[in-house]
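Okay, structure first, notes after.
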Amino acid sequence: MITNEQFQKTYEESIKDPEKFWEQVAREEISWFKKWDKVFNWDFPNYQWFLGGKLNITFNCLDRHITAGKGDKAALTYLNEKYERITITYKELLLQVNKFANGLKSLGVKKGDKVVLYMPLVIEQAVAMLACARIGAVHSVVFAGFSANALRERIEDCQAKIVVTANWTLRRGTKKELKSTVDEAVKGLEFVENVIVLSRGSSSRSERMTLSGDKETDYHQLIQNQSDICEPEPMESEDALFVLYTSGSTGKPKGIVHTVGGYSVYTHYTTKKVFDIQDGDVYWCTADFGWITGHSYVLYGPLSNGLTSLMVEGTPDYPTPDHWYKIIEQEKVNIFYTSPTALRMLRKYGEEYPKKHNFESLRILGTVGEPINPEVWLWYKKNIGGDKLPIEDTWWQTETAGHMIVALPGLTQKPGKAGKPFYGIEADVVDEKGQSIPANEKGFLIIKKPWPSALRDCLNNHERFEKYWTEIKGVYFTGDFAIKDEDGDIQVLGRSDDVMNISGHRIGSAEVENALVSHPAVSESAVIGKPDEIKGERIKAFVVLKPEYSPSDDLIKDIKSHIKREIASMAVPDEIEFVASLPKTRSGKIMRRVLKARELGQSEGDLSVLDQ
Ligand code: WTA
């Protein structure tokens with residue numbers, strides 16, 4: 001815990017000389033094989049951190065804890081909806097990682113090769129991510145809820161040499177097939193050299209996957225005879241660690257590229273400070289590896305700090321509404337980090353459920369992914385935090401890789417406001433010209449300078465990367481609206497671009513529209529996000545049908561399943577309205593903002609550009 005004064009002092013120092021600040025953090029917190037020659041280089045819009053430095057993130061996440069005598073400590077604990085529990089120590093995890101890393105090498109995987117993971121939230125997925133990082137292969141995790149088409153698009157974009165998957169994932173008591181989705185996704189893709197398949201529950205013969213062709217390998221067979229020694233590849237600080245796809249305002253997801261050095265430093269340090277960690281902490285972040293939160297704050301940040309990180313496969317309220325409360329109690333969780341959507345779900349079931357459980361182990365609470373409603377924040381504080389625990393409302397993005405705006409434990413925290421920029425981060429709320437705007441007025445949230453874990457590129461699209469720094473010239477454009485109050489505390493309001501936030505997941509309006517118009521009956525479409533009590537936002541689609549089609553409930557059903565096939569169930573519109581035409585500018589651009597304003601009964605704003 002720190003005081004406002006202590007924070008202010010360190011923050012000012014960090015801003016006065018960010019290079020000195022981050023250099024000290026890098027030196028004190030991270031083990032390097034070779035020290036860097038230069039801390040920071042900014043050749044606008046490109047930048048690098050810790051140039052010339054060599055390291056491997058898995059050495060920091062695994063080896064160094066073992067050398068320090070913590071090898072027998074639990075690194076990861078897996079739990080599921082049946083309360084099955086698997087725990088793996090740092091020592092065991094390293095052996096598994098090394099075996100899988102050697103397995104990848106035996107398949108010809110080399111430094112820089114791309115490996116796509118399409119897996120359930122199981123320890124083997126953590127092993128696969130770390131094994132890639134061990135040998136310098138670049139992982140790209142695709143959330144296992146995405147469809148075959150969405151998966152294929154990502155595999156093609158990054159030209160993955162290997163895809164790792166499992167037979168099924170578990171959700172609300174049912175097994176969802178993964179392998180068949182991968183089969184469909186990789187069909188005809190010659191550059192995919194191998195699909196590695198984890199057979200879960202394979203102790204019984206009937207569940208063993210039958211693999212076909214010589215392009216498929218059984219996960220367990222692959223590692224069976226591999227050595228458990230694999231020296232960590234000395235990575236250049238600026239070598240890529242992973243690519244993670246996220247949605248933007250165009251129809252195509254962007255492959256956000258993060259590099260080893262800056263990412264290691266920033267995720268380690270934010271985990272340490274934001275969660276005020278103590279030796280022996282049991283830490284639970286409820287995210288999936290398919291999202292950036294799973295990368296930075298289930299895997300790399302917690303392991304780099306030597307914590308025990310929980311991974312829970314499933315949903316908050318299955319099999320019972322207090323499933324997660326039971327886990328907090330049983331596992332004696334000290335730090336609990338989740339999303340506003342999950343909290344809204346839990347809150348819906350009432351206060352009697354949290355009351356039945358003992359949360360004495362908890363010390364720090366956190367939230368991420370979407371704006372948290374003040375009333376939900378207060379509910380969280382009272383019912384899970386016993387009216388006393390700090391709530392870390394962390395604002396950040398796939399592109400930032402780590403926490404950017406947050407009121408650290410000990411600082412004044414206000415319901416619904418993320419708080420202050422983290423050390424070394426200069427944030428502001430500005431107008432479209434980049435001018436600061438007065439306190440308590442809505443504007444664009446920007447970051448003034450590159451920080452160590454800032455995205456380095458958009459895969460195969462450097463121009464898109466440059467746009468982040470040129471949309472408002474010279475600063476990082478977050479794409480969010482925000483308000484800064486008179487104390488400098490920032491409230492993030494939501495996206496300013498055509499990106500929706502459904503249950504904390506980013507979905508581009510254009511992505512859903514593209515999928516809609518690929519349906520044979522659809523001529524044109526426009527998609528907007530509407531407020532939703534649980535999910536934060538839900539999708540509404542306006543659809544113009546081709547003349548030969550007429551509206552019907554069956555057609556709505558068919559269009560919905562089409563979207564599920566094209567993208568994922570989370571992208572399926574809750575509402576589809578058939579309309580005769582869409583509001584457009586004279587140049588033919590569909591004006592989503594007009595539709596949204598009409599839908600929400602708000603002012604439609606300036607309509608002078610509208611072609612009416
Ligand atoms: C939103 C998730 C308000 C925001 C880590 C951002 C938030 C987008 C918060 C990034 C928060 C994330 N308060 N809004 N604490 N955290 N967001 O890339 O709109 O999946 O731009 O990264 O989520 O989503 P992403």
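Both ligands and their constituent atoms are indexed starting at 1 by order of listing.
- Lys535 pairs with exactly one of Thr341, Asp574, Asn501 by the side-chain hydrogen bond (donor to acceptor under 3.5 Å, both in side chains) rule, that one being Asp574.
- Checking only distances, Thr246 never comes within under 3.5 Å of ligand 1, N or O to N or O.
- Of the polar atoms of Asp480, at least one N or O is found under 3.5 Å from an N or O of ligand 1, judged by distance alone.
- The aromatic rings of Trp469 and Phe44 lie perpendicular to each other, with more than 60° between the two planes, well past the 30° mark.
- Residues Glu533 and Arg347 are not paired through a salt bridge, judged by the lack of any N-O separation under 4.0 Å between the basic side chain and the carboxylate.
- Geometrically, ligand 1 and Arg495 share a nitrogen or oxygen pair separated by less than 3.5 Å.
- Between Thr394 and ligand 1, a contact under 3.5 Å exists for at least one N or O pair.
- The Val492 neighbourhood of ligand 1 comprises atoms 3 (C), 14 (N), with distances under 4.0 Å to a heavy atom of that residue.
- Of the candidates Tyr423, Tyr266, Trp451, Tyr266 is the only one forming a ring pair (Phe, Tyr, Trp, His ring centres under 6.0 Å) with Trp22.
- For ligand 1, one of its N or O atoms has an N or O atom of Arg506 under 3.5 Å away.
- Contact atoms of ligand 1 toward Val368: 5 (C) (distance under 4.0 Å to a heavy atom of the residue).
- Taking the ring centre of Phe465 as origin, the terminal cationic atom of Arg456 falls outside the region bounded by 6.0 Å and 45° from the ring axis.
- By the 4.0 Å heavy-atom criterion, Gly369 is counted among the residues contacting ligand 1.
- Listed by number with element, the atoms of ligand 1 under 4.0 Å from a non-hydrogen atom of Thr398 are 18 (O), 20 (O), 22 (O), 25 (P).
- Remark: ligand 1 and Gly504 share no N or O pair separated by less than 3.5 Å (distance only, no angle test).
- Near Asn501, with a cut-off below 4.0 Å to any heavy atom, the atoms of ligand 1 are 1 (C), 23 (O).
- Using 4.0 Å as the threshold, Trp291 has no heavy atom nearer than that to any atom of ligand 1.
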